[in-house]
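Below, chains carry the letters A, B, ... as their sequence lines are ordered, and counting in each starts from 1.
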Amino acid sequence: AQSVTQLDSHVSVSEGTPVLLRCNYSSSYSPSLFWYVQHPNKGLQLLLKYTSAATLVKGINGFEAEFKKSETSFHLTKPSAHMSDAAEYFCVVSSDYKLSFGAGTTVTVRA
Amino acid sequence: GAGVSQSPSNKVTEKGKDVELRCDPISGHTALYWYRQRLGQGLEFLIYFQGNSAPDKSGLPSDRFSAERTGESVSTLTIQRTQQEDSAVYLCASRLRAGGSNEQFFGPGTRLTVL
């Protein structure tokens with residue numbers, strides 16, 4: 001069995017400040033982990049994925065995530081938020097064929 | 001190259017009518033998934049296809065929902081006797097192969113509104 005918990009349903013940051021989106025997972029297997037972003041009225045887009053090659057994963061648009069097995073976490077960060085980062089973010093765990101999605105974190109960016 | 005496409009993009013129907021939603025996956029992708037996303041909520045897994053067989057239908061909410069896939073190509077999700085609670089965005093995704101770190105590529109979704 002596998003599951004994902006996104007610890008914050010809503011995160012609000014000022015433009016230019018860091019963003020932290022928290023994700024904890026549980027999995028019976030060595031998981032693959034993903035972060036997806038969904039902009040309003042747009043499709044889901046892959047931000048980054050963990051493939052066991054490196055624990056610190058860099059993605060698109062300046063985002064990165066660190067896999068911490070001891071903490072079963074895969075938190076997403078960005079050093080400096082931009083207005084265009086306002087969106088819904090989903091943490092996803094995959095083992096075998098099935099992907100399990102977190103409930104999502106809505107990010108708002110204040111000017 | 002072409003991504004995952006879905007049609008129609010929007011569908012408005014009356015309660016009790018049947019609807020059919022279509023998904024064209026990326027060519028060569030063997031795995032295909034359907035999800036439902038209600039307003040303001042996360043993705044709810046409906047069904048998984050490997051080729052044209054569906055080893056996991058556990059997410060289909062009732063026997064009004066069914067899906068099929070032709071080979072490793074088009075899939076259709078059919079909802080019979082639609083109800084207002086079926087209103088949602090229905091997302092299709094495909095993967096080169098199931099498992100591991102293979103990325104799921106999502107279509108733009110079909111927004112279904114049941115009046």
Side-chain angles (χ1 to χ4, degrees), chain A residues 1-10 21 23 25 27-55 57 59-60 65 67 74 87-108, chain B residues 2-7 9-10 23-26 29-51 53-60 69 72 88-111 113:
Chain A
Q2 60 190 27
S3 66
V4 175
T5 302
Q6 291 185 241
L7 298 166
D8 308 289
S9 60
H10 190 201
L21 306 183
C23 172
Y25 70 91
S27 176
S28 302
Y29 306 96
S30 295
S32 294
L33 294 155
F34 308 79
W35 276 98
Y36 279 84
V37 61
Q38 187 177 35
H39 287 93
N41 300 313
K42 296 283 182 66
L44 280 139
Q45 181 184 18
L46 181 70
L47 271 180
L48 50 80
K49 63 180 180 181
Y50 167 70
T51 63
S52 77
T55 57
V57 182
I60 62 171
F67 173 71
F74 191 56
E88 186 85 9
Y89 292 79
F90 294 97
C91 182
V92 183
V93 62
S94 169
S95 58
D96 194 16
Y97 68 89
K98 199 162 186 177
L99 275 69
S100 296
F101 285 73
T105 299
T106 302
V107 172
T108 56
Chain B
V4 178
S5 61
Q6 293 185 246
S7 61
S9 55
N10 278 284
C23 172
D24 284 88
I26 293 172
H29 280 196
T30 63
L32 186 147
Y33 302 75
W34 282 98
Y35 297 91
R36 179 168 69 179
Q37 186 176 29
R38 290 197 166 111
L39 187 65
Q41 298 186 20
L43 272 70
E44 178 186 3
F45 167 81
L46 296 179
I47 187 169
Y48 154 66
F49 284 94
Q50 179 58 43
S53 66
D56 188 350
K57 308 178 184 179
S58 63
L60 295 178
R69 187 180 184 194
E72 293 185 351
V89 175
Y90 289 83
L91 292 164
C92 175
S94 71
R95 263 173 129 180
L96 182 62
R97 289 181 302 280
S101 61
N102 292 297
E103 176 186 352
Q104 273 198 350
F105 292 85
F106 284 85
T110 294
R111 183 176 299 278
T113 304

Under 4.5 Å heavy-atom distance to chain A, tell me which part of [X] shows up: side chain, backbone, both or neither.
| X | value |
| --- | --- |
| Arg97(B) | neither |
| Gln104(B) | both |
| Ser58(B) | side chain |
| Gln37(B) | side chain |

- If we only count heavy atoms from C-beta on, is the Gln45(A) to Ile60(A) side-chain gap below 4.5 Å?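 Answer yes - side chains close enough.
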- Consider only side-chain N and O atoms of Tyr97(A) and Arg95(B), and report whether a donor and an acceptor are under 3.5 Å apart.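 The answer is no; no qualifying pair exists.
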- Item | Qualifying residues under salt bridge (charged side-chain N to carboxylate O under 4.0 Å, His left out), relative to Arg69(B), sequence neighbours excluded |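 Arg69(B) satisfies salt bridge (charged side-chain N to carboxylate O under 4.0 Å, His left out) with no residue once adjacent residues are dropped.
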- Task: Applying side chain to side chain donor-acceptor pair (under 3.5 Å), name anything that partners Trp35(A), two or more places apart in sequence or on another chain.
- Result: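 Counting only residues at least two positions away or on another chain, Trp35(A) forms no side chain to side chain donor-acceptor pair (under 3.5 Å).
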